[in-house]
Amino acid sequence: MPEKSRNVTTITQFLLMGFPDDQVLQGLYVTFFFLIYLAALMGNFLIITLTTTDQCLQSPMYFFLKNLSLIDICYISVTVPKAIINALTKSQTISFLGCASQIFLFMFLAGTEYALLIAMSYDRYVAICHPLYYEAIVNRGTCWQMVTASWSSGCIYGSVHVGGTFSAHLCGPNIVHQFFCDIPSVLTLACSGENLEYAFIIASCIFAFVCFLFLIASYIYIFSAVLRIPSAKGRLKSFSTCMPHLIVVMLFLFSGIVTYLGSNYKSASSLNLFMSVLYSILPPSLNPLIYSLRNKDIKAALNKILSVKMLPIFVNPLLTLDHMAYILYKANGKFS
């Protein structure tokens, strides 16, 4: 027992051992991480720009989507830049405070995203099942209240989990078999029978499952309402606004469930790395693609921006030709 106490007082940093030792494989992983991170930043910043500047994208659905993109930028930035920097500098360390901060921010943003996805499902439910009352129910004030509640619940969620994770003595070596500090990896270092985090995880899973049942119930009502729409075009439009959200929810939930239940965090492996990528990097990267691929309004806004940017390329040569023709006219008295 004195040894355990001594370990607690001397632990000031952790070693992140998620990447393989092979330099070639490590270089490939770093390149992959950098490209995915860059794509996630560009895609989410693009959605934020479009939903902020375009007047046609000012409905509650796009207000929620803008917040989702902001969360995704923060979510992927908590883990990936540190992993890339560690690999490039040949350093594998992270401070105790940095590890705790990573866990808090990761769980905070994950909880916020899940709460926001629930709010977005309610928005779609009201829009399709009660269209006549939509503007009265989901007004600007309601949107801000739901977004504020999502961020607040995420903050509480992160605080509870970081407190539970570090509530026990850490008896094992300070080696985390992951490319970032996540709860299952850190829990393998805790002394047996001393951690409250397992109880918090079970309570969180139960609460998440209840919210998921609420989401499924709302989509049952949505799909039943959509099937009653007489025109095929109307049904297709309604489905196109709901399916991206449902795909994002499924991707976010099941990637996390498969990762937490199907991985061995006591040793490093390519499977562990793949599973962690599945829930920490993939959702923020795919969300912009999923929402923009079948959304005509976002594609129209993007085409509008591209056409404005490209206009000078086509206009300037014409202005140059006109200027040359004017010079020839002044010199010869006629157009040539």
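All residue numbers refer to positions in the sequence shown, counting from 1. What you are looking at is a predicted structure, and each value in this text was computed from that prediction instead of being measured.
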Hey, could you give me the [atom1]/[atom2] distance between [X] and [Y], rounded to the nearest 0.5 Å?
X	Y	atom1	atom2	answer
Ser150	Gln145	OG	CD	11.5 Å
Met120	Asn67	CE	CG	9.5 Å
Ile47	Leu289	CD1	CG	9.0 Å
Leu213	Ile220	CG	CD1	9.5 Å
Leu117	Asp123	CG	CG	12.0 Å
Leu16	Cys99	CG	SG	7.0 Å

* Stepwise, does the side-chain hydrogen bond (donor to acceptor under 3.5 Å, both in side chains) test hold for Ser91 with Thr93? -> CA-CA 6 Å; Ser91 171; Thr93 61; 3.3 Å; yes
[X]-[Y] co-clustered via ILVMFWY side chain contacts under 4.5 Å:
X	Y	value
Ile156	Phe207	no
Ile85	Leu35	no
Ile175	Leu97	no

Tell me if a side-chain donor or acceptor on [X] pairs with a main-chain N or O of [Y] at a distance below 3.5 Å.
X	Y	value
Asn287	Pro284	no
Thr142	Ile137	yes
Ser69	Leu65	yes
Asn174	Gln13	yes
Gln102	Val78	yes
Ser159	Cys155	yes

Which atom pair, heavy atoms only, marks the closest approach of [X] to [Y]?
X	Y	result
Tyr219	Ser121	CE1-CB, 4.0 Å
Pro131	Ile128	CD-O, 3.6 Å
Thr112	Ile71	CG2-CD1, 3.4 Å
Leu50	Leu57	O-CD1, 3.7 Å
Pro288	Asn44	CG-OD1, 3.4 Å

* Describe, in one word, how the ring planes of Phe104 and Phe108 are oriented to each other, choosing from parallel (under 30°), tilted (30 to 60°) and perpendicular (over 60°). =>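 The rings of Phe104 and Phe108 lie parallel, inter-plane angle below 30°.
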Find out whether [X] and [Y] are in side-chain contact, i.e. whether some heavy atom of one side chain is under 4.5 Å from a heavy atom of the other.
X	Y	answer
Phe209	Phe214	no
Val162	Met107	no
Ile48	Ile73	yes
Ile103	Phe180	no
Val186	Phe166	yes
Ile76	Ser280	no
Leu41	Ser77	yes
Phe64	Leu68	no

* Which residue pairs satisfy the side-chain hydrogen bond (donor to acceptor under 3.5 Å, both in side chains) criterion with at least one member in residues 48-59, sequence neighbours excluded? ->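 Pairs touching residues 48-59 that pass the test: Asp54-Lys304.
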* Asked: Partners of Tyr75 by ring-ring contact (aromatic ring centres under 6.0 Å, His included), sequence neighbours excluded?
  ->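 Listed in chain order: Phe106.
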* To do: Give every residue pair that meets the ring pair (Phe, Tyr, Trp, His ring centres under 6.0 Å) criterion with at least one member in residues 31-54, sequence neighbours excluded.
  =>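 Non-adjacent pairs meeting ring pair (Phe, Tyr, Trp, His ring centres under 6.0 Å): Phe19-Phe33, Phe33-Phe179.
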* Could you go through the side-chain contact (heavy atoms from CB on, under 4.5 Å) check for Tyr122 and Met146 one step at a time? => CA-CA 10 Å; Tyr122 176 73; Met146 288 194 287; 4.0 Å; yes
* Please confirm whether His130 and Tyr134 have ring centers closer than 6.0 angstrom. =>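 Ring centres of Tyr134 and His130 not closer than 6.0 Å.
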* To do: Give the C-alpha distance, both sets of side-chain angles, the deciding distance and a yes or no for side-chain contact (heavy atoms from CB on, under 4.5 Å) between Gln23 and Lys90.
  => CA-CA 10 Å; Gln23 294 298 318; Lys90 309 300 181 184; 2.7 Å; yes
* Asked: What salt bridge (charged side-chain N to carboxylate O under 4.0 Å, His left out) pairs are there with at least one residue in residues 130-148, not counting sequence neighbours?
  ->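 Qualifying pairs, neighbours excluded: none.
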* Asked: Under the side chain to side chain donor-acceptor pair (under 3.5 Å) test, which residues partner Ser224, sequence neighbours left out?
  ->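 Side chain to side chain donor-acceptor pair (under 3.5 Å) check on Ser224 returns nothing, list empty.
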* To do: Output all residues satisfying side chain to side chain donor-acceptor pair (under 3.5 Å) with Tyr221, sequence neighbours left out; order by chain, then residue number.
  =>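 Here no residue qualifies.
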* Dump the intermediate steps for side-chain contact (heavy atoms from CB on, under 4.5 Å) on Ile222 and Arg124, then the final yes or no. => CA-CA 8 Å; Ile222 288 172; Arg124 292 297 84 205; 4.0 Å; yes
